[in-house]
Structures are given as C-alpha cells and as structure tokens.
K.L.:
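Questions regarding the structure given below will be posed in turn.
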Amino acid sequence: MSSAARVDERLEWVMHQQFDRLLAALESDDADGRPAIGREVLGEVLARVVFKAPEEISRAEIADPEERRPVDRMTLTPGTVSKAVKVLIERNLLEIGTSSLQRATGRPVLPLRLSSGWTVAGVKVTHHNTRPVAVATVLTALDGTVLRKREPVPLPSPSSPTDDVWPQIARIAKDEIDSIKADDDNTRVREGRAASELLGAGVEVGGHVFEGQVVLSDYSRQSGTAPLAHMLESLLQKPVVVENDVNALAVMATRQRNYGSLDMVVVAVYDEGVGGGLVMDGRVRRGGHGAAMEIGHLPVERQDEVAEHASAATDRDVPGFSDACWCTQFGHVEVLATPSRIRGELGVTDLQAAAATPSVDAEGNHTREYRVFTRAGTGLGRGLAHTITLVNPGRLILKLPPVLIEYSPEKAASAYLTAVKREINTVFSTGAADAELIVEAFDDVLVTGARAAAVCVIDAFIEHLRGLDGCQTPGRRRSDDPTSRKNHGMTAAREDIGAA
Ligand SMILES: [Zn+2]
C-alpha cells in the first residue's frame with residue numbers, strides 16, 4: 001500500500017454528524033425515552049421507496065418482499081411500515097403522492113413518494129489530459145430526478161505543474177451549489193412553495209478516490225491525497241460524498257429497478273478514459289483502497305504487439321494506440337478503447353466521419369478505419385473478458401459514446417462492438433453466457449455523472465440509517481453485514497457523536 005493512499009484519520013468529518021442530527025429528529029421517542037422507531041427500519045423503508053422511485057409506492061408494496069432489492073433483507077410488517085411512514089411524513093422525507101394506486105380489491109390505496117421538500121446537489125469534475133478542467137453541477141430531487149443543471153465552469157489554467165487545484169474545485173463547487181439552489185428556491189417561492197432543504201452534495205471525480213479523498217498521484221504526479229470531501233463540507237456545512245465517477249454510476253445502478261442484478265459490472269468509456277464499477281452481492285465494492293475495477297489500466301496488448309504497430313505510427317499531436325498510457329505504461333485498455341485514442345491513431349479530428357466510412361474497400365479488403373476500430377474494440381473486449389473471468393457478473397453494463405455503437409456491418413465503427421463481443425466469447429466456462437451484456441449510449445456524460453454523484457448522497461444517507469457504513473454511532477446495534485464496512489466512499493466517523 002502506498003502512503004499516498006492512506007487516509008488522514010485526523011480529519012473531522014461533518015457528514016455523519018449532519019446525518020445524525022437529521023436522524024435524531026426522525027427517531028421520535030416513546031414514553032420511556034426510547035426511539036419509537038429504529039433508524040434501520042427508517043432506512044429500509046426509504047431504500048424501498050427509492051427503489052420504486054420515481055413511481056409512487058403504497059404501504060403494502062413497501063412491506064412486500066417481492067418489491068424490495070435482494071439486499072434489503074429486513075422483514076417489515078405492515079404495522080412497522082405504517083409507523084415508519086408516519087414518522088417519515090411528519091419529518092417531510094416522504095409525502096403523499098398523486099397517482100391512484102389500488103388494492104386488488106379495488107379499494108384505493110394512499111400513494112407515497114419521496115418528499116419534494118428536499119434537494120441534493122451533484123457535481124462532476126471533468127478531466128482533460130488527466131487534469132481536472134471543469135466543474136458541472138446539477139440539483140436533483142431525492143429520487144434522483146434532475147431539477148436543474150448549470151453550464152460547466154472551466155477551471156483556471158494551473159500556474160505551475162504542481163498547482164493544487166482541489167481547493168479551487170471545492171470553492172467553485174460551493175458557489176455553483178449555492179447558485180443552483182438559489183435559482184430553484186426562487187422558483188419555489190414564486191410558486192408559493194417553501195425553499196428546499198439540501199440533504200448534501202455528491203462529487204464524482206475520474207480516477208482514484210478513497211474515503212472522500214482524491215488520490216493525487218493519478219492526476220498530476222503529485223503525491224498524497226486531496227481531502228476534497230472535507231474541503232467542500234467545510235464550505236458547505238452539509239454532508240459531502242466524493243466518489244470515483246464509475247463507482248458513482250454503479251451506486252446509481254444498484255438503486256435502479258431495471259438492472260436489479262446482485263452481481264454487476266458497470267464499465268464506462270469516456271472520451272479519454274475507461275473506468276469500471278463492481279457490484280457484488282448487491283453492493284458496490286471498492287477494494288482495499290478504492291481502486292477496485294480499474295479496468296482502464298489492465299494491460300491488453302503485449303509489448304511486442306505494441307512495438308509491431310508502433311513502427312507504422314506516424315507523427316501525431318494526439319496520442320494513439322502505440323503511445324504510452326498516462327500512467328506511463330503501454331498497451332492498456334485506456335490506450336486503445338477511447339474515442340480520443342482512436343482519433344489519434346487515425347490522425348483525424350472528426351470521429352463521426354471516420355466511423356461512417358465503409359468497412360471494406362473496392363478490393364474487398366478491410367479499410368484502415370475498420371482495422372483501427374477492431375484494435376480498439378479488441379482492447380476493450382480483452383479487458384472485459386478478464387473482468388468476466390475474475391468476477392462472473394450476471395450483468396455487464398457497458399456505457400459507450402454513441403459514435404462507438406454501430407450495428408451496420410457496412411460501417412467501419414461496427415468493428416468495435418464486433419471485436420468486443422468476440423473477445424468476451426473467449427471467456428472460460430459459462431462466464432460469457434452468464435454476463436448479460438447491456439450496451440447503453442453514454443451521451444449526456446456531464447449530467448449523468450453529476451446526477452450519479454447526487455444519488456450517492458441519498459445512498460450514503462440510507463446506508464448510514466441502516467448502519468451499513470461502518471459508522472459506529474453509540475446506541476446502535478452492530479450491523480449484521482460485516483462485509484459492508486466502508487462501502488460508500490466515505491470515512492467512518494471517528495468522533496463520538498453521542499458526546500458532541
Ligand atoms: Zn494505464
């Protein structure tokens with residue numbers, strides 16, 4: 001383990017304290033001064049409402065074991081659900097919906113949904129040449145619906161190679177969150193509604209993130225970590241979750257009904273990078289220090305293969321397949337599979353035009369474009385094949401830039417997915433058949449990413465309620481799932497909240 005990946009344990013985190021303050025209000029006491037309803041129950045109920053969202057849900061559905069995620073295992077009786085719902089409505093986390101749900105008997109049922117009184121901020125930090133370059137912000141409802149978005153704010157160019165941009169990023173994020181919240185509140189007030197309460201902010205970053213800190217060596221050859229969550233929490237005075245970009249997509253996937261698989265891999269191809277998120281037993285798994293599923297840096301071409309192609313390489317401004325990965329090594333997935341490397345390899349700026357060129361020339365040979373897309377897809381496919389071999393996922397969600405999704409065999413870009421699937425089919429035993437491949441167009445990268453970051457806050461809040469985040473709040477029973485410690489990218493609170 002490198003010292004860079006160590007967490008500064010002296011940091012004082014406000015996230016758990018803030019969540020706990022909200023919880024203290026939720027856990028109304030009974031006559032003996034004991035909580036009338038446990039926070040685990042409240043968390044379980046919220047988890048099931050979130051899973052159904054944005055659709056509304058009835059009390060009976062909340063109690064129905066068929067309607068929950070397989071990881072939401074608590075048995076909830078209708079009576080318990082009613083008690084929890086009452087508290088959650090009183091504290092404005094749930095509200096009565098407008099749809100007309102009906103029981104099988106035809107009797108109308110009160111529909112419930114997440115309260116519109118709360119909002120969550122989501123921030124995406126974008127990168128170019130491994131440096132953070134812009135901050136994009138959205139405001140979402142508790143169910144993850146994007147209410148508002150801001151134009152990305154470019155970061156000033158660094159004044160030196162070691163210029164620390166992370167405090168600037170925290171300040172810009174704070175200003176953007178204040179602005180987007182103010183815009184939304186103004187609209188609410190004009191419409192005669194109350195201003196919203198901000199639950200917290202999520203920030204997603206491309207690269208290595210561990211417990212709220214950005215591991216800097218990935219970006220700038222600087223050592224150490226940037227405590228981004230702490231920086232933004234200090235400015236915002238609200239809970240902040242910082243997450244790797246594809247882990248954030250994976251967190252979002254675990255709360256979406258349409259995926260519903262306990263064992264999934266999410267792989268996203270960005271313009272300049274490739275990342276992965278690992279979901280096992282229904283939870284995002286980040287590894288010992290947050291770097292699990294770094295598929296982008298799997299070596300998938302041997303040195304001699306790279307060298308063989310390199311001899312044919314021409315002078316390029318933009319790096320291609322034979323150039324080094326930004327991590328300094330060669331033949332990595334990220335060197336082959338991204339639009340920017342394909343452009344570099346082809347020496348073009350317009351990938352759309354190259355993608356639409358014919359697969360074969362007049363002599364019936366594959367065109368250069370087709371061969372380049374084949375090599376790119378083969379690189380990604382090998383990375384995916386290794387992943388499938390190692391973790392045997394039930395689902396492989398592959399988010400690709402639309403230009404790389406081409407099903408017409410006459411067009412050169414079709415070679416990309418063809419090669420991906422060919423490599424996947426080489427996997428040992430039933431692995432390839434087990435992994436249902438879902439190819440999704442990844443077109444609105446900024447908003448999707450910022451939204452995923454916001455969903456991480458809701459996830460963190462629910463996991464904190466349920467005691468699954470390793471935070472040992474006094475008076476809470478120990479979690480029955482010891483494997484879930486540190487499972488959402490934030491540090492466990494070290495301070496004694498009860499004494500605060
Ligand atoms: Zn690399």
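Just so you know, ligand 1 is whichever comes first in the structure, and atom 1 is the first atom listed for that ligand.
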K.L.:
Decide, yes or no, whether a salt bridge links Arg171 with Asp175 under the criterion of side-chain N to carboxylate O below 4.0 Å.
P.N.:
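So Arg171 does not pair with Asp175 through a salt bridge.
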K.L.:
Please find out if less than 6.0 Å separates the ring center of His297 from that of Trp326.
P.N.:
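Yes - the distance between ring centres of His297 and Trp326 falls below the 6.0 Å cut-off.
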K.L.:
Provide the closest heavy-atom pair for Trp166 versus Pro132 in the form atom of the first, atom of the second, distance.
P.N.:
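Between these two residues, the closest heavy atoms are CZ2-CG, 3.6 Å.
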K.L.:
Taking Thr367 for the side chain and Tyr370 for the main chain, is one N or O donor matched with an acceptor at less than 3.5 Å?
P.N.:
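Looks like yes, one N/O pair under 3.5 Å.
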K.L.:
Sum up the protein N, O or S atoms located under 2.8 Å from the Zn ion (ligand 1).
P.N.:
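Excluding waters, the total comes to 4.
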K.L.:
Which heavy atom of Asp271 sits nearest a heavy atom of Pro339, and at what distance?
P.N.:
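Closest approach of Asp271 to Pro339, heavy atoms only: OD1-CB, 3.2 Å.
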K.L.:
Where do Thr378 and Glu423 come nearest, in terms of heavy atoms and distance?
P.N.:
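For Thr378 and Glu423, the tightest heavy-atom pair comes out as CG2-OE2, 3.4 Å.
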